[in-house]
Amino acid sequence: MSHFVATRDIPFGDPGRNVFAFREGEAVPAELVSQHGWEDYVASSNTKAAQQATAQKETK
């Protein structure tokens, strides 16, 4: 199964409630990205942006 990496937090539900489907640096299944239109929130797992997001998660 292919996946993406969240490059920023992906909100879920009503905006402003601080509820997130995925947090920056987490793996996001490809089928969920296309289903929910999250293309602006993710990068392919082998890109520099994905690596940076993952590194950010590890330092938090």
Side-chain angles (χ1 to χ4, degrees):
M1 171 169 58
S2 64
H3 70 275
F4 292 90
V5 173
T7 55
R8 56 188 170 134
D9 295 341
I10 301 175
F12 182 79
D14 295 330
R17 294 188 62 205
N18 290 328
V19 177
F20 300 97
F22 293 92
R23 302 301 294 236
E24 180 181 3
E26 293 182 337
V28 182
E31 58 272 3
L32 291 180
V33 172
S34 60
Q35 253 181 351
H36 298 287
W38 292 337
E39 291 84 359
D40 293 342
Y41 295 94
V42 299
S44 293
S45 58
N46 59 349
T47 62
K48 185 175 180 177
Q51 293 169 357
Q52 289 175 336
T54 302
Q56 283 287 95
K57 178 183 176 196
E58 291 172 0
T59 61
K60 288 184 180 181

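Counting from 1, the numbers follow the sequence of the chain as shown. Model, not experiment: these values are computed from the prediction.
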For [X] against [Y], the heavy-atom pair lying closest together:
X	Y	value
Ala50	Ala43	N-CB, 4.1 Å
Val5	Ala53	CG1-CB, 4.2 Å
Asp40	Arg8	O-NH2, 3.4 Å

### Query
Is there side-chain contact between His3 and Val33, with at least one heavy-atom pair below 4.5 Å?
no
### Query
Are any non-hydrogen side-chain atoms of Ile10 and Val42 less than 4.5 angstrom apart?
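Yes, at least one pair of side-chain atoms sits under 4.5 Å.
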### Pair Phe4-Ser44, side-chain contact (heavy atoms from CB on, under 4.5 Å): steps then yes or no
CA-CA 5 Å; Phe4 292 90; Ser44 293; 3.8 Å; yes
#### Entry: CA sep, side-chain torsions, deciding dist, call: Phe22, Tyr41, side-chain contact (heavy atoms from CB on, under 4.5 Å)
CA-CA 10 Å; Phe22 293 92; Tyr41 295 94; over 6 Å; no
### Query
Roughly how far, to the nearest 0.5 Å, is CD of Gln51 from CD of Gln56?
13.5 Å
